[in-house]
Amino acid sequence: MGFKTGDFPPVDQETFLEKPLRERLRALSLHWVEYGFGTPKMIPATYVVKVLVLYVLGGTALATWTSDVGPFWSVTHWWDEPVVYQKLVLWTVFLESVGVAGSWGPIAGKFKPMTGGILFWARPGTIRLRPWKRVPFTRGDRRTVGDVLLYLAFLAAVLAAVLLPGTSSASLTEALPHNTSGLVSPALLAAPIVLYVLNGLRDKTIFLAARGEQYLPALLFFAVLPFTDMIIAAKLLICVVWVGAGVSKFGRHFTNVVSPMVSNSPCVPAKWVKRLHYRDFPHDIRPSKVATFMAHVGGSTVEIVTPLVLLFSTDHRLTLAAVLLMVVFHFFIVSTFPLAVPLEWNLLFAYLAVFLFLGFPAADGYGVGDMSSPWLTAALAAGLLFFPVLGNLRPDLVSFLPSMRQYAGNWASALWAFAPGAEEKLNALPHRPTRNQVDQLQAMGYPPAVAEITMQQTIAWRSMHSQGRGLFSVLLKNLPDLDRRTVREAEFGCNSLIGFNFGDGHLHNIDLINAVQARIGFAPGEWITVWVESQAIHRGIQHYQVIDAALGVIERGTWKVADAVKEQPWLPDGPIPLHVTWTRDRAAAAPVRPQVAEELAP
C-alpha cells in the first residue's frame, strides 16, 4: 500500500462482475483479511490532519483563548480547567452536528463531497426521519424551512456557548477557591438543550449525529448541577457509556467485528498479524482464538472492569493505571479507523478519562458517595441506565446509540438489491446534494468497473459480520436472480440519502424506504431491501424483514445467531436456516389475528 496508491483486489476487472455473487464475496472477503479496504495511506492521513487541525488544535485553541487560560500549547495550564472541559464537549457537539466529525469522508462512504451533515440538514426539501409518529407537529418526512432554521439555531447556540467567556460560579469557587475562569454560563446552555430536543423530535438523524444520547445529559449537568455534583454526574455518565458498550460486546457478535477491524487498520501493516485473527486463512476466515481474546478480554473486560475501578478507586496509583488503560483503549480504536470513523469522540473520551478521574479523584471528594444527595445519585443512575437497559431488551424501540452498543457488532443492518439499472433512479431524488456512491467514484476518475468493485468491497465487509451471513441468506432465498442484481450495503447507501449513518439500521428502515419511494416510485421488484433488527440481549435470534419499496414488507422471519456466526462469509453451503413467520401472500389469504400480529411485529 502506497501513499497515493491503494491495494485493489487482484481480480480481472473485465470478468469479475459477471461471476456469481458468492464467488465475488469470497474473493473480496479474502482480500479484506490482508488489506482491509485497501485504501491508500493518503486517506487515513487526511483524517489525521483533519482531527489535528480542526479538533485538537482548533478545539483547544478556542476553548482556552475564550476562557482566559493557556496558552493552548501548554497543556499543563488548562488540562484540569472545568470550563475548558465544558467547551471541548460543546466543540465536539458542534463538529458532530455540522457533519465534519464522525461519519465523515471516504472511509464512511462520502467521496464527493466528503461531508454530509450540514449539506443535507440546512437544505429544505431533503428527507427527515421523525423518531416517533405520535409526537404532535412532526408529521411528514420533508425538511421544511422551519426545520432548517431550528438546525442552524442549534449550531449557533452551541457555538456561542463555546466562544463566550465563562462566568463565576459559587459552587465552583467553594470547591476551587483559586479558580478564576469560571464555568460556561447556564443561561447559554438553555438554548442548546431545548434545540437539541426540538431538532431530535423533528429528525432523529440530527439528534443521533450530534450524539445526543451522551452529550445532552452532559449539557443538562452543566446547566443545573452544582460543580461537585456536575463532576460526579459526568463520571457516572462516562462509566455508563463504557460499561454499556462492554456489556453489549458479550455474546457472539463482537468477535466477528474485531477481525475485519484489525484487517482494515493502516497501523497494522504486517499481514501475519492480521491473519492471526482468523482461524486458517484462506480456508477458514472465521475469527480465531486471538480475535476472541481481543474481543472479550481487550474489549468487554476492559470496558466493564476498568470504569468500575475508576468510579470507586481512592488509590492514586490504581486510578492512574486505569486511566492509562482507557486512554490506550481509545487510541487503539482511533488507530483502526473504523468505518464510522468516530475519531473525535474517542479522543474526547481519552481526555475525559484524564480530566475527570485524575483531575478530580474520588479521594479528593469527588466519589459517588460525595454527591449532595443519595437520592440524586440514584435518580441520575436510573436515568442514565434507562435507555441502555430498554435498548438491550427491546432493540426495536431504541437506537443502538442510546442503547450504548457502540461498535459491538450487534446492529440493525440491511442490504439493498436493485434490479438492473434501478439504482440509477436514486439519482433523481429531489434536493439531494449528492449522487450514488458508485457515481461519486466515477466522478473522481474511477473507471466504471473499478468503482463497482470498490463498492462491492463494502458488502464483503458486511458478510464478515454475523448479521451479514443472515442478510445474504435471506437474499439468496428470496431472489433467484440475485447474481444479476446490484447489491449495496445499506449503511453506505443511507449516507448518500440523508447525510449520515453510524451503523444504525434504524436510519434506513422502512421509514426511509417509504420516503424515497414517495419521491421516486420504484416498480415492484426493482428495489428489494433485507433488513434485520439487533439481537435482544436475552434472545438467541434476530428478526428480519424483506421490503419491496413498491409493496412494503413482504416477509418477516428470524434466524438463530448461532447459525449465522458458524458460517463462512460467502456461505459456501448455502443460506443459513431461516424461520419465516409471515409473508404478504399468506397474510392476504388469511388475515392474522391482532394478538399474533403484535407478536410478529418487528
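Fair warning: this is a prediction, and the values are worked out from it, not measured in the lab.
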Electrostatic pair [X]-[Y], nearest N-O below 4.0 angstrom:
X	Y	result
E526	R485	no
R286	E567	no
K50	E344	yes
K425	E423	no
D141	R128	no

Got more than 12 heavy atoms from elsewhere within 6.0 Å of [atom1], [X]?
X	atom1	answer
R252	CZ	no
F8	CZ	yes
K204	NZ	yes
F16	CZ	yes

Practice task
Show your reasoning for whether side chain to side chain contact (heavy atoms under 4.5 Å, CB included) applies to V532 and W411.
Solution key: CA-CA 8 Å; V532 67; W411 306 303; over 6 Å; no
Exercise for the section: Could you check if a side-chain atom of V48 sits within less than 4.5 angstrom of a side-chain atom of F337, using non-hydrogen atoms only? Expected result: yes
Handout entry: Test item: Q442 and V438 side chains (from C-beta on) under 4.5 Å apart, heavy atoms
Key = yes
Exercise for the section: Report the C-alpha distance between K110 and S103 in whole Å, list the side-chain angles of each, state the deciding distance to 0.1 Å, and finish with yes or no for side chain to side chain contact (heavy atoms under 4.5 Å, CB included). Expected result: CA-CA 8 Å; K110 296 180 175 72; S103 190; 3.0 Å; yes
Nearest non-hydrogen partners of [X] and [Y], listed with the distance:
X	Y	value
D483	L21	OD1-N, 2.9 Å
R279	P287	NE-O, 3.1 Å
R519	A515	NH1-O, 2.8 Å

Give a yes or no answer on whether the side chain of [X] reaches the backbone of [Y] with a donor-acceptor pair at less than 3.5 Å.
X	Y	value
S534	A412	yes
T581	R556	yes
K4	P40	no
H253	K249	no
K274	E34	yes
Q437	G109	yes
S259	H277	yes
E489	E491	yes

Practice task
Give the ring-plane orientation class for W416 versus F418, where under 30° counts as parallel, over 60° as perpendicular and anything between as tilted.
Solution key: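 Rings of W416 and F418: perpendicular, over 60°.
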Practice task
Return the orientation label for the H296 and F250 ring planes: parallel under 30°, perpendicular over 60°, tilted otherwise.
Solution key: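 Because their plane-to-plane angle is under 30°, the rings of H296 and F250 count as parallel.
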Practice task
Establish, yes or no, whether a centroid distance under 6.0 Å links the rings of W104 and Y47.
Solution key: yes
Practice task
Report yes if the distance between the aromatic ring centroids of W32 and F37 is under 6.0 Å, otherwise no.
Solution key: yes
Practice task
Check the pair E424 / R435 against salt bridge (Lys or Arg N to Asp or Glu O under 4.0 Å), numbers first and verdict last.
Solution key: CA-CA 9 Å; E424 177 64 24; R435 291 175 61 82; 3.7 Å; yes
Fill in the blank from the handout: With sequence neighbours left out, the residues meeting side-chain hydrogen bond (donor to acceptor under 3.5 Å, both in side chains) with H465 are none
Handout entry: Residue pairs passing the side chain to side chain donor-acceptor pair (under 3.5 Å) test where at least one lies in residues 443-456, sequence neighbours excluded
Key =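 Residue pairs with at least one partner in residues 443-456: R24-Q456, E452-Q456, E452-R488.
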